Every structure is written in structure tokens, then in C-alpha cells.
Chemist: 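Shown below is the structure under consideration.
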Amino acid sequence: MRSLREGQPGLPSLAGMQIERVTLRWPRHIATPSPAVFRRRIGGRTICDVRRRGKYLVFPLDRGTLLIHLKMSGDLRLAPAASPPDRFDRTVLHLRQGWELRFSDARKFGKLYLLDDPSLVLSRLGPEPLERAFTHRTLARRLARHRRQLKPALLDQSVIAGLGNIYTDEALHRSGLHPLRSTDSLTDGEIRSLWRGIRAALRNGLRYDGASIDWVYRGGDFQNHFRVYQRTGEACPACGTPIARMVVGQRGTHFCPTCQPEQSS
DNA sequence: AGCGTCACCCGGACGC
DNA sequence: TGCGTCCGGGTGACGC
């Protein structure tokens, strides 16, 4: 995604570019409508802007909206049409002016949506945790609606948008909260701490351009700054206790047993 | 409503 | 070397 960032030297802005046609090497990339209809409709439309909502990339078009979800191994690159393709390029939007928007996706989990009304997908999402409107009171209100384990609640995109497995573990460590705490057991102080932890973890990820995990290199450096994620057995950066791992809601979960006690105080 | 489980993917890591 | 198996990310579907 770094190559899409506005102002990258040598790269034009996507806004204003017209899509001539699409190459679908993995038709199941297209979530909706059918690949055939997607192919027919996308041609001739113009990208007006580039935005983000939760984990979705949002491309408002002159007619309708294109949403892209990268899932775990997806990457978007804006490249000259003549440049060599990536081995895992699955979907390619051929743009005017000799550019291509290439969706590389080794594990084929990503999705594209072409929608008249993007709220069909986006309206299910909770608030953006980095926006000013998201205060600790917002967080308290969202969590109080449920009585469930804290970590699955944070991963639920309808509670808060944008937190994945890495950021959830990092945020919980920063806030000193055990992943299995119940959402309705948190004190005001703990909610505040969690609010700070979520925002700090996300900002840190942004600072380092996100993370690259496994062998799927995506440009970021955040993996070298994880406090607990995939650091099982290593010393907690805060207290030195070995980082523990457990499975919560089918997800690998990393935490410090000392900084994040199961019982509050 | 919340929770568990499975499916979707694939290439790297690991064990034999 | 060549197998087999496990792993993990986010989400939706399904059953309880």
C-alpha cells in the first residue's frame, strides 16, 4: 500500500484515472457482482478518490464505488504497464495513461466489491478508532453493549473498525488487560487505558508502515517493533516475564502474564 | 447474543 | 530428496 500513498515520488495520483478493463486471473477475487458482470461494468469508470474505512480500501468512482479488502496477504501496487508483473498478481485494473493497479494476493483471500451503494458493506462497521469522535466514552459504550471476552470483541469489526489480530494483542498489552477479561467487567480506568492502548498500537503500526509477517513481504517494518505478537517465550519489554501464548476464538493470542493478569488488581 | 467450528487459501517450515 | 502435515491471517456461514 505504500506505493499508493499520495505524494510518492514518480507515481501519479489515482484520482482521475479511468479504468479501461480488468484482468481476472482469480475470478473468485470478485465478491460482488459476478466476475462477468464486474468485468463488463468496471470498464470505462473513473476513480475519483482513494479512501479507507476499517480494513476496506474505498475507491469512489464516477458511478458507484469499488471496495477492496486485502485480507492477510494482499498488496496493491500502482505500476507502469510495461513493468514486470509480480508472481502473485491476481487482479489487474488497466488504467489509462499506461498505468496498472495490480492486486497481488499470494493466498487468494482478498476481495473486490463493485457496489452502487457501498454502505451495503460499510454500514456494518463500528467507529474509526483514530478519529477525534472516538473517545474513551465511545469505547465504553460500545463494549458495554456486550458481555463477551475482550479480545474477540475487539476483533469484531462491528464493535470497532480496523483492529486485526496483531493490533489487538499489542493494544491489550499496552493497556495491561488480559484477553479473556469480560467486556462488562472493565472499570473506567481500564477503559481509558484500553482506549490509549488501541490508539497507540495503531499509530505505531502506521509509523512503521505496517507489518510484514511470514514470508509475505509488504514493505512495513512494524514486525520489528511488536511487544508481544509472535514473541512467545521472549521477555516482556515492560517487565521481563516470558510472553505467553494461548488460543482465543481460534486466534493465536500473545500476552504478558504479569502485565496482563487474568484477575483485575 | 455469543460462542464454537468450519471453510476459504497456499507456500514456508518442519518432521520423518 | 520427497513426501506429509501444520500454520495463520479476516470474514462469513452455520449450529447450538
Side-chain angles (χ1 to χ4, degrees), chain A residues 1 24-35 52-58 67-76 85-91 103-113 115 118-126 128-129 141-172 178-186 198 201-202 205 208-220 222-223 226 228-233 243-255:
Chain A
M1 272 310 293
L24 302 180
R25 299 202 180 91
W26 175 248
R28 286 158 73 182
H29 243 177
I30 309 302
T32 189
S34 71
R52 178 194 61 79
R53 175 76 174 96
K55 299 178 187 175
Y56 293 87
L57 299 170
V58 182
L67 302 182
I68 298 182
H69 197 310
L70 300 175
K71 297 284 178 89
M72 75 172 288
S73 64
D75 195 14
L76 273 187
D86 178 288
R87 159 187 187 201
F88 297 119
D89 285 349
R90 311 282 185 195
T91 296
F103 188 176
S104 167
D105 188 14
R107 291 182 183 158
K108 299 180 171 178
F109 265 33
K111 291 287 178 224
L112 293 87
Y113 305 72
L115 299 164
S119 72
L120 195 70
V121 169
L122 302 182
S123 65
R124 288 175 287 126
L125 299 178
E128 291 288 331
R141 229 180 297 121
R142 310 284 304 177
L143 292 178
R145 292 185 190 180
H146 309 274
R147 169 183 285 163
R148 57 193 293 201
Q149 295 172 335
L150 185 51
K151 169 152 175 170
L154 295 177
L155 285 172
D156 185 334
Q157 301 299 296
S158 71
V159 175
I160 304 170
L163 295 181
N165 205 36
I166 295 171
Y167 293 92
T168 304
D169 282 2
E170 294 294 304
L172 286 172
H178 192 280
L180 293 180
R181 287 287 302 278
S182 178
T183 50
D184 66 345
S185 77
L186 303 178
I198 288 169
L202 287 171
Y208 295 111
D209 285 334
S212 298
I213 54 168
D214 293 348
W215 52 276
V216 183
Y217 181 69
R218 294 206 275 184
F222 186 39
Q223 66 276 11
F226 292 157
V228 290
Y229 182 77
Q230 283 185 354
R231 296 214 178 282
T232 310
I243 298 302
R245 182 184 188 275
M246 66 193 294
V247 175
V248 180
Q250 317 294 104
R251 324 302 306 173
T253 297
H254 313 76
F255 67 104

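Being a predicted model, the structure only gives us computed values, none of them experimental. A note on names: the letters A, B, ... follow the listed sequences, proteins ahead of strands, and every chain is numbered from 1.
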Chemist: Name the residue closer to the 5' end of DNA chain B, choosing between A:Gln149 and A:Arg251 according to the nucleotide with the nearest heavy atom.
Modeler: A:Gln149
Chemist: Please verify the inter-ring angle class for A:Tyr229 with A:His254; under 30° counts as parallel, over 60° as perpendicular, anything in between as tilted.
Modeler: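 Answer is perpendicular, since the angle exceeds 60°.
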Chemist: Under 4.0 Å between a side-chain N/O of A:Arg148 and OP1 or OP2 of B:dC3, yes or no?
Modeler: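 So the side-chain polar atoms of A:Arg148 do come within 4.0 Å of the phosphate oxygens OP1 or OP2 of B:dC3, strictly under.
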Chemist: Does the side chain of A:Arg90 come within less than 4.5 Å of A:Lys108's, by heavy atoms?
Modeler: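 Yes, close enough: below the 4.5 Å cut-off.
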Chemist: If only side-chain N and O atoms of A:His146 are considered, is one of them under 4.0 Å from the OP1 or OP2 phosphate oxygen of B:dA1?
Modeler: no
Chemist: Out of C:dG8, B:dA1, B:dC8, which has the shortest distance to the side chain of A:Arg245?
Modeler: C:dG8
Chemist: Would you say C:dT11 has OP1 or OP2 under 4.0 Å from some side-chain N or O of A:His69?
Modeler: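 Yes, A:His69 has a side-chain N/O under 4.0 Å of OP1/OP2 on C:dT11.
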Chemist: Is the gap between the ring centers of A:Phe226 and A:Tyr208 under 6.0 Å?
Modeler: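 Centroid distance A:Phe226-A:Tyr208: not below 6.0 Å, so no.
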Chemist: Report the nucleotide, chosen from C:dG8, B:dC10, B:dC8, that has the shortest atom-to-atom distance to any side-chain atom of A:Gln230.
Modeler: C:dG8
Chemist: State whether A:Lys71 places a side-chain N or O below 4.0 Å from either non-bridging phosphate oxygen (OP1 or OP2) of C:dG8.
Modeler: no
Chemist: For A:His29 and A:Phe103, take the angle between the two ring planes, folded into 0 to 90°, and tell me which bin it lands in: parallel under 30, tilted 30 to 60, perpendicular over 60.
Modeler: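 Because their plane-to-plane angle is under 30°, the rings of A:His29 and A:Phe103 count as parallel.
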Chemist: For the base of B:dG2, is there a side-chain donor-acceptor partner from A:Arg147 under 3.5 Å away?
Modeler: no
Chemist: Under 4.0 Å between any heavy atoms, over every strand shown, what does A:Lys111 touch: base, sugar-phosphate, or nothing? Just pick one.
Modeler: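 Since no nucleic acid heavy atom lies under 4.0 Å of A:Lys111, the category is nothing.
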Chemist: Name the closest nucleotide to the A:Arg87 side chain, picking from B:dG12, C:dG12, B:dC9.
Modeler: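 So the nucleotide nearest the side chain must be B:dG12.
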Chemist: Would you classify A:Gln250 as touching base, sugar-phosphate or nothing, given that sugar-phosphate means primed atoms plus P, OP1 and OP2, and contacts are heavy atoms under 4.0 Å?
Modeler: base
Chemist: Strictly below 4.0 Å: does A:Arg124 bring a side-chain N or O up to OP1 or OP2 of C:dG10?
Modeler: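 The answer is no; no side-chain N or O of A:Arg124 sits under 4.0 Å from OP1 or OP2.
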